[in-house]
Amino acid sequence: MIDIAFSKLAIIGVAALVFIGPERLPKVARMAGTMLGRAQRYINDVKAEVSREMELDELRKMHKDVQAAASDVENTISRNFSHAEKEMHSVWNETPASDDNPLMEPPTFDQVSEKSRNFRKKKLARTSGLPSWYKRQTGHRSHVISGAARVAKYRSSASSQSRSFFH
């Protein structure tokens, strides 16, 4: 801003004292201080407004860029989707309906039973290698029991005593 040295301030103070007088000097100094404060606030407000406008311009540019990128992506996706759809239509229209296609007919009972047998063998191979203490610790069930039997097994002794009391 303005570069004023101490000697220049002293000269200005002496001149103000001579011209204004010692009685009105504090009042004038207060008024000058309030005007200087108002000017600084006004300058700060202008700076803040300018920076806000610059940020808004940047955001508008960024918004336009994002919209352009989104429209490009949308166009690319729609083009690729339509291209894939055309290819699928051409593949389905060119392929003759054949009776030997394994995906078109349901599996037979023998195929299903063979698959379940293989699954059981694989399951047995996976679990039989584990020690029994590990199976017990991790909660592997070795026998199938009903829900009522499981409830009876884990029922606390206090609830069974109160149950017999009321019935």
dist I77:CD1 -> E74:CD (nearest 0.5 Å) comes out at 8.0 Å
Salt-bridge contact E55-R52 (side-chain N to carboxylate O under 4.0 Å)
no
| task | For atom CZ of R24, decide whether the heavy atoms of other residues, nucleotides or ligands shown that lie under 6.0 angstrom number more than 12. | result | no
When every non-hydrogen atom of N75 is compared with those of S78, the smallest separation belongs to O-OG, 2.9 Å
Taken to the nearest 0.5 Å, the spacing of M54 CE from D57 CG works out to 8.5 Å
Report task. Please check if V50 and Y42 belong to a single hydrophobic cluster, counting links between Ile, Leu, Val, Met, Phe, Trp and Tyr side chain heavy atoms closer than 4.5 Å. Result -> yes
Closest non-hydrogen contact found for L25 with A16 is CD1-CB, 4.1 Å
Value for CE (M88) from CZ (F81), rounded to nearest 0.5 Å, stands at 10.5 Å
Checking E85, E87, K86, R79 against H83 for side-chain hydrogen bond (donor to acceptor under 3.5 Å, both in side chains), the one that qualifies is E87
dist R41:CZ -> I43:CD1 (nearest 0.5 Å) comes out at 11.5 Å
I'd like to know if the side chain of Q40 and the backbone of G37 have a donor-acceptor N/O pair within less than 3.5 Å. no
Output for pair (K121 NZ, S116 OG), nearest 0.5 Å, gives 10.5 Å
From the list K61, Q67, R60, side-chain hydrogen bond (donor to acceptor under 3.5 Å, both in side chains) with H63 holds only for Q67
Looking at side-chain heavy atoms only, is the closest gap between K115 and N118 below 4.5 Å? no
